A.B. asks: 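Take a look at the following structure, please.
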Amino acid sequence: MTQTMLAGLLPFEHEPYHRYSDPTVAEAQRAAFRSVREQHVGRTLPLIIGGREEHGDGTTAVRNPADTRETVWYAQNATPDQLERAVQAATDAFEEWRYSDPLQRASIFKRAATLLRARRLEFNAVMTLENGKNWTEADGEVAESVDHFEVFAREALRWAQGKPVAPMPDEHVTTVYEPLGVVACISPWNFPSAIPLGMALGAIAAGNTVIWKPAPETPLSSYLLVELLFEAGLPRGVIQFLTGTNDVLGDPLVDHPRVRMIAFTGSKAVGCRIYERAARVQPGQTWLKRVIAEMGGKDPTVVCADADVDAAALGIVQAAFGYSGQKCSACSRVIAEADVYDDLLEKVVSLTRTLRGGLPEDNADLGPVIHERSAERIMAALAGKHGDARLVLGGDRPDTGERTGGYVSPTILADVAPGDSLFQEELFGPVLTFTRAESWEHAIALANDSEYGLTASFYSRDPAKIAAARQRMHVGNLYVNRKCTGALSGTHAFGGYGMSGTNAKVGGPDYLFWFLQTKTIAQRY
Ligand code: NAD
């Protein structure tokens, strides 16, 4: 039957981006900012537990990172008792949702896709005001969220079909997939729409219930998605929306004996902590917890001597400085063969000089990093000892007048040694290093010289080198002759190797398996 249901869904097409070069579209985006400011600035978001809105114990202010003098909205601080009740509510709701019809789940996601399509500009504006993405970046992410709805609608139906096994003459044998239980979804601020949504849809599509815990910096992008899912018909008990401080929603949520799985995306430090804590069986716990932990990156671009240097330079600048380098997939290391090194460096520097700094709300190319303290951390890292490395561009903080925020100039350093902390540690800001390779094989070896393995780009015109790179580059997402950012749901399943995490590959054909357990049923006729 599900075979027929799946056949009923047309092939999936990616959501197109807005063309802001069209003045009408640009004006519509400006109008969306005005309307979001009128509707949301100054409001306090509720918690949602068991379908009901609640206040917590005090609130946390959300600041506009582009000008931290402005508080945009407030989120509740959930209490330990509210965490307890949220886990209970999710446990109760699971008893019904686990048996829900996969076509019902798919229909809700399809309807949510339609609702979000109609409100994309509004969701873009909310994101810009809470995490400092410019229009283009916010638009890309909200489009990805629409894609997620479409992809997960199909995945819910596909996994409901089970898998074929070798038949027996006197037994009916099936392999079916069942949900796990309560899934805690813990997300970062840099993709406040697509990342929590991807994890939550994975859980819900599989028949689990969710504790949705957004990053403290970006609660409204999440809250609006939760409301949208309810409007699309999701039973309100299926998602508990909790905001608050890490002392209540960090370790206690991870350790809770009735949380069956943790789906986390964020830093290596927090991901490792969660992985370790979740391994400990708590009193009263009757399962081994499942953990997805998608973590950081130190993503390289390799440029071979035979590469199209102009194409490489453009891809590098887009991937390194888009959203001020605050993507886990951002290019932070360029490794180039000596023959093209100087030419490439010059081209990257001159393209970077054309980037326009300013307010994300005005769609400037380069906005702030998320916090003042992040900017200070980046400056401290640059100030350390870096051997023979040469500062070629930036390395300072631009003058932004009265506007306060973590603004950092786009920074390029040449001749950075592989052992240098700038080559090895994730900085999460607009900082790019260049390292010279003796050969293309040496360049691949340098690219792999990292504990991370998230994304990488490889530029060459030589099919033999490309074939070698495809086999030897140790990353979850390898891009050949294109930039290393911009994964599309349903096409570029996303997730890394090594210390970049568990390689769950959101948006890919195997993602839902992480949220399921497998039952084999053998029945004598
Ligand atoms: P973070 O690890 O500081 O926070 C992520 C989330 O974890 C937040 O919601 C935070 O409140 C929560 N948290 C903090 N302490 C916790 C604890 N002890 N237990 C449970 N939860 C806790 O990360 P961030 O600064 O929000 O995000 C940036 C990081 O995320 C970067 O390292 C980036 O590379 C990574 N990231 C990875 C991917 C990926 O797909 N691999 C995608 C986006 C971002």
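Just follow the structure's listing: the first ligand is 1, and inside any ligand the first atom is 1. What you see is a predicted model, and the numbers here were worked out from it, not measured in a lab.
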A.B. asks: Given the ring of F264, does K213 sit roughly above its face, with NZ or CZ under 6.0 Å from the centre of the six-membered ring and within 45° of the axis?
C.D. replies: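 No, K213 does not lie over the aromatic ring of F264.
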A.B. asks: Who passes side-chain contact (heavy atoms from CB on, under 4.5 Å) against A504, sequence neighbours left out?
C.D. replies: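 Here the qualifying residues are I292, E294, T502, Y511, W514.
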A.B. asks: Tell me, please, whether F423 has R333 positioned over its six-membered ring: NZ or CZ under 6.0 Å from the ring centre and within 45 degrees of its axis?
C.D. replies: yes
A.B. asks: Quick check for students: name every N or O atom pair between ligand 1 and the protein closer than 3.5 Å, with distances.
C.D. replies:
from: ligand 1; atom 1: 2 (O); to: S267; atom 2: N; distance (Å): 2.8
from: ligand 1; atom 1: 2 (O); to: S267; atom 2: OG; distance (Å): 2.6
from: ligand 1; atom 1: 9 (O); to: S187; atom 2: O; distance (Å): 2.7
from: ligand 1; atom 1: 9 (O); to: K213; atom 2: NZ; distance (Å): 3.0
from: ligand 1; atom 1: 11 (O); to: K213; atom 2: NZ; distance (Å): 2.8
from: ligand 1; atom 1: 11 (O); to: N246; atom 2: OD1; distance (Å): 2.9
from: ligand 1; atom 1: 18 (N); to: D251; atom 2: OD1; distance (Å): 3.3
from: ligand 1; atom 1: 23 (O); to: S267; atom 2: N; distance (Å): 3.4
from: ligand 1; atom 1: 25 (O); to: W189; atom 2: NE1; distance (Å): 3.0
from: ligand 1; atom 1: 26 (O); to: W189; atom 2: NE1; distance (Å): 3.3
from: ligand 1; atom 1: 30 (O); to: G266; atom 2: O; distance (Å): 3.2
from: ligand 1; atom 1: 32 (O); to: E426; atom 2: OE1; distance (Å): 2.7
from: ligand 1; atom 1: 34 (O); to: E426; atom 2: OE2; distance (Å): 2.6
from: ligand 1; atom 1: 41 (N); to: M295; atom 2: N; distance (Å): 3.4
from: ligand 1; atom 1: 41 (N); to: M295; atom 2: O; distance (Å): 2.6

A.B. asks: Identify, with sequence neighbours excluded, every residue that meets salt bridge (charged side-chain N to carboxylate O under 4.0 Å, His left out) alongside E361.
C.D. replies: R37
A.B. asks: With the side chain counted from C-beta on, respond yes when N190 and Y323 share a heavy-atom pair under 4.5 Å apart, and no when they do not.
C.D. replies: yes
A.B. asks: Taking side-chain contact (heavy atoms from CB on, under 4.5 Å) as the test, write out the residues that go with A319, two or more places apart.
C.D. replies: C331, K483, C484, T485
